[in-house]
Amino acid sequence: MPRSATVNQELRERSRERILAAALETFAAKGYEAASISDITAAAGVSRGLVSYYFATKEQLAAELLDRWLDGIAGILTIQGTPDERLAGIIDGALMAAATTLPIQRLAITLMMQPTTHDVFARVEQAKSGRLALVEDAIRDVFAARGAADPAVEEMLLRATLEGVTVKLAIYRETFPLEAIRTRLYAGYDLPAPTAPLPVLSPAVDRLRAK
């Protein structure tokens, strides 16, 4: 019996997701530049033709993964509450994303910082410019409501701080005291101390060392 259009669509979606998962795993293990389509094909357990059907180039795979990463950032638009509650939610959301989605965070960091791949990141970011502007404006609105003299600078500083935390966490996953950093961020913005820790690994403060 022929498969229905719905079943065929579900199978296509599963294949596509399998390829994307394999690409992320391969990029995380080998780095974007060293990874090949053949590596991704092997990791996904599919034919090269199937990978090429969905993604003509390695850059298209990376772009799709980055596209989803940028969409995830837009989750802060759903945070409700007072300005203080929204700021705390933005901080917690960024820290949780950094701690629980390290492979995609590492990919984004790599593409941003490597001269040979920066253009890939820039093209995806430009395609999402409108949605990112909404995120930036939402953060600026929070700082404006808190009485900041220059909400735009405060937004940029917060993002730079959180991105710096993400970089350090990606490098020093086993020794990074995430909860202590979170508490310090709250204090720096005169927010009430967190009432419960984030549900992620957070070693005691000592020294950052790679393991």
From [X] [atom1] over to [Y] [atom2], what is the distance, rounded to the nearest 0.5 angstrom?
X	Y	atom1	atom2	value
R86	D141	CZ	CG	6.5 Å
L198	I181	CG	CD1	12.5 Å
E125	M112	CD	CE	8.0 Å
T166	L95	OG1	CG	7.5 Å
T57	I37	OG1	CD1	7.0 Å
L134	I139	CG	CD1	11.5 Å

TODO: Considering only NZ, NE, NH1 and NH2 on the basic side and carboxylate oxygens on the acidic side, decide whether E17 and R14 come within less than 4.0 Å.
DONE: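 No, E17 and R14 are not salt-bridged.
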TODO: Indicate yes or no: does E59 engage R123 in a salt bridge with an N to O separation below 4.0 Å.
DONE: yes
Task: Under the side chain to side chain contact (heavy atoms under 4.5 Å, CB included) test, residues paired with D137 that sit two or more places apart - done: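 D137 satisfies side chain to side chain contact (heavy atoms under 4.5 Å, CB included) with R140 only.
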TODO: State whether a side-chain donor-acceptor pair under 3.5 Å links T116 with E33.
DONE: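 Yes.
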Task: T101 versus Q105, side-chain donor and acceptor atoms under 3.5 Å - done: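 Q105 vs T101: donor-acceptor pair found between side chains.
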pair [X]-[Y]: side-chain heavy atoms closer than 4.5 Å:
X	Y	answer
I104	F27	no
E64	Y54	no
L178	L201	no
L65	P103	no
F121	M113	no
R182	S202	no
I91	Y189	yes
L50	T41	no

Task: Y186 and its side-chain contact (heavy atoms from CB on, under 4.5 Å) partner, picked from D84, L87, D92 - done: D92
- [ ] Report yes or no: is the cationic atom of K168 (NZ for Lys, CZ for Arg) closer than 6.0 Å to the six-membered ring centre of F176, at no more than 45° off its axis?
- [x]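 No, K168 and F176 do not form such a contact.
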Open item on the list: Under the criterion side-chain contact (heavy atoms from CB on, under 4.5 Å), I'd like the reasoning laid out for V167 against E163: C-alpha separation, chi angles, the key distance, then a yes or no.
Closed with: CA-CA 6 Å; V167 171; E163 287 166 9; 5.7 Å; no
Taking all atoms of both residues into account, what is the closest heavy-atom pair of [X] and [Y], and its distance?
X	Y	value
A23	L61	CB-CD2, 3.9 Å
A62	L111	CB-CD1, 4.1 Å
L77	Q80	O-NE2, 4.4 Å
Y32	V120	OH-CG2, 4.4 Å
I19	I40	O-CG2, 4.1 Å
T78	G75	OG1-O, 2.7 Å

Task: Test log, rule side-chain contact (heavy atoms from CB on, under 4.5 Å), inputs S129 and L132 - done: CA-CA 5 Å; S129 182; L132 286 174; 5.8 Å; no
Does [X] share a hydrophobic cluster with [Y], counting links as ILVMFWY side-chain heavy atoms below 4.5 Å and allowing steps through other members?
X	Y	result
M156	V142	no
V153	L185	no
V200	I171	yes

- [ ] Please list all pairs passing the salt bridge (charged side-chain N to carboxylate O under 4.0 Å, His left out) test where one or both residues lie in residues 186-211, with sequence neighbours left out.
- [x]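 Of all non-adjacent pairs touching residues 186-211, none passes salt bridge (charged side-chain N to carboxylate O under 4.0 Å, His left out).
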Open item on the list: Applying salt bridge (charged side-chain N to carboxylate O under 4.0 Å, His left out) to K128 and D71, what does each step give before you reach the verdict?
Closed with: CA-CA 8 Å; K128 290 286 181 178; D71 277 343; 3.0 Å; yes
- [ ] Output, in order, the C-alpha distance, side-chain angles, deciding distance and verdict of salt bridge (charged side-chain N to carboxylate O under 4.0 Å, His left out) for E154 and R146.
- [x] CA-CA 11 Å; E154 293 295 337; R146 298 180 87 239; over 6 Å; no
TODO: Verify side-chain contact (heavy atoms from CB on, under 4.5 Å) between S38 and R48, making sure each step is shown before the conclusion.
DONE: CA-CA 7 Å; S38 295; R48 188 183 181 94; 3.0 Å; yes
Open item on the list: Run the side-chain contact (heavy atoms from CB on, under 4.5 Å) test on L158 and F143 for me, step by step, so that the C-alpha distance in whole Å, both residues' side-chain angles and the decisive distance to 0.1 Å come before the verdict.
Closed with: CA-CA 10 Å; L158 175 62; F143 281 115; 4.0 Å; yes
Task: Check: A170 main-chain N/O paired with R106 side-chain donor or acceptor under 3.5 Å - done: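 Yes, the answer is positive, given that a donor and an acceptor are paired below the 3.5 Å cut-off.
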Task: Side-chain (S36) to main-chain (D39) donor-acceptor, under 3.5 angstrom - done: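 The answer is yes, because a donor-acceptor pair under 3.5 Å joins these two groups.
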